[in-house]
Amino acid sequence: MFVHVPQRGYVGVGIVQGRVQSADEAVLNVEGTDQAFRSLELQGTYRHPSGGEGIHSAEYVVPVMWIGTVALEQAHWQVGLFANQNSACKLRNQFTIDQLSKVFKLTD
């Protein structure tokens with residue numbers, strides 16, 4: 001999975017390690033220890049607090065093994081790369097896949 005920040009660029013690549021789970025129920029393996037998602041000290045700000053108003057407003061997470069990340073200030077962008085405003089989509093643009101594979105050193 002490649003992570004794109006709108007109007008900034010691509011900041012990471014990782015492998016999804018499990019199924020999507022609600023943030024209230026998610027248990028993630030952090031440095032070899034299983035921990036409830038809601039118990040983690042996170043750096044981000046999340047819109048939906050625990051116990052939201054049903055499944056449509058709940059926060060969802062997936063466990064990811066990060067292969068490479070860069071700071072937002074080093075986000076990679078160049079003309080021709082695919083970008084989408086959706087939270088997630090299937091990346092099929094071969095040019096983007098090829099360029100990001102080089103940037104994140106997935107291929108030679």
Side-chain angles (χ1 to χ4, degrees):
M1 123 178 153
F2 292 103
V3 178
H4 177 261
V5 176
Q7 301 183 3
R8 295 303 283 272
Y10 286 88
V11 295
V13 60
I15 299 172
V16 174
Q17 297 290 294
R19 301 181 71 108
V20 66
Q21 304 170 61
S22 76
D24 290 338
E25 298 174 358
V27 176
L28 306 175
N29 188 288
V30 180
E31 298 178 0
T33 304
D34 288 342
Q35 297 183 37
F37 175 78
R38 292 285 187 200
S39 73
L40 299 174
E41 291 184 32
L42 304 174
Q43 294 179 4
T45 302
Y46 296 88
R47 287 201 250 168
H48 304 293
S50 180
E53 299 177 25
I55 63 171
H56 297 295
S57 65
E59 200 78 42
Y60 290 88
V61 299
V62 293
V64 175
M65 179 182 69
W66 294 105
I67 296 169
T69 61
V70 297
L72 186 57
E73 297 75 33
Q74 279 109 27
H76 179 75
W77 183 256
Q78 69 186 70
V79 173
L81 292 182
F82 174 82
N84 189 313
Q85 295 301 314
N86 294 328
S87 296
C89 68
K90 182 165 179 73
L91 182 56
R92 294 186 172 109
N93 182 285
Q94 194 60 51
F95 175 77
T96 301
I97 293 168
D98 292 345
Q99 294 303 307
L100 295 177
S101 293
K102 291 176 189 172
V103 167
F104 288 103
K105 298 179 174 68
L106 303 179
T107 61
D108 296 329

S.K.: Taking only residues two or more places apart in sequence, or in another chain, which ones meet S22 in a side-chain contact (heavy atoms from CB on, under 4.5 Å)?
M.R.: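 By the side-chain contact (heavy atoms from CB on, under 4.5 Å) rule, S22 matches D24, E25, Y60.
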
S.K.: What are the two closest non-hydrogen atoms of G12 and F104, and how far apart are they?
M.R.: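 Reported closest heavy-atom pair: N-CZ, 3.5 Å.
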
S.K.: Determine, using the 4.5 Å side-chain heavy-atom cutoff (strictly less than), whether V27 and V61 are members of one ILVMFWY cluster.
M.R.: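 In one cluster: no.
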
S.K.: Among all residues two or more places apart in sequence or in another chain, which pass the side-chain contact (heavy atoms from CB on, under 4.5 Å) test with V103?
M.R.: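 By the side-chain contact (heavy atoms from CB on, under 4.5 Å) rule, V103 matches H76.
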
S.K.: State, to 0.1 Å, how close P63 and L28 come at their nearest heavy-atom pair, and which atoms those are.
M.R.: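 Of all heavy-atom pairs spanning P63 and L28, the closest is CB-CD2, 3.8 Å.
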
S.K.: Identify the heavy atoms of C89 and F82 that sit nearest to each other, and give their distance.
M.R.: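 Of all heavy-atom pairs spanning C89 and F82, the closest is SG-CE2, 3.6 Å.
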
S.K.: Not counting sequence neighbours, which residues clear side-chain hydrogen bond (donor to acceptor under 3.5 Å, both in side chains) with Q94? List them please.
M.R.: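 Listed in chain order: D98.
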
S.K.: Quick one: closest heavy-atom pair of V64 and G14, and the distance?
M.R.: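 What the structure gives for the nearest pair is CG1-CA, 3.9 Å.
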
S.K.: Quick one: ring-ring contact (aromatic ring centres under 6.0 Å, His included) partners of W77, sequence neighbours excluded?
M.R.: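 With sequence neighbours excluded, W77 shows a ring-ring contact (aromatic ring centres under 6.0 Å, His included) to H4, given in chain and number order.
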
S.K.: My understanding is that only residues two or more places apart in sequence, or in another chain, count here; which of them pass side-chain contact (heavy atoms from CB on, under 4.5 Å) with S39?
M.R.: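 By the side-chain contact (heavy atoms from CB on, under 4.5 Å) rule, S39 matches Q35, A36.
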
S.K.: Specify the closest pair of heavy atoms between L72 and V5, including all atoms of both residues, with the distance to one decimal.
M.R.: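 Here L72 and V5 meet closest at CD1-CG1, 3.8 Å.
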
S.K.: Where is the tightest heavy-atom contact between V62 and V20, given as atom of each residue plus distance?
M.R.: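 That would be CG1-CA, 3.5 Å.
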
S.K.: What I'd like to find out is whether the side chain of V13 reaches to under 4.5 Å of the side chain of L106, using heavy atoms alone.
M.R.: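 V13 reaches L106 side chain to side chain.
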
S.K.: Sort and list the pairs that fulfil side chain to side chain donor-acceptor pair (under 3.5 Å) and have at least one residue in residues 5-19, not counting sequence neighbours.
M.R.: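 Counting only pairs at least two positions apart or across chains, no side chain to side chain donor-acceptor pair (under 3.5 Å) contact touches residues 5-19.
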
S.K.: CG of L91 to CE of M1: how many Å apart, nearest 0.5 Å?
M.R.: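 Result: 12.0 Å between the selected atoms.
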
S.K.: Could you give the distance from OG1 (T107) to CD1 (I97), rounded to the nearest 0.5 Å?
M.R.: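 These two atoms lie 11.5 Å from each other.
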
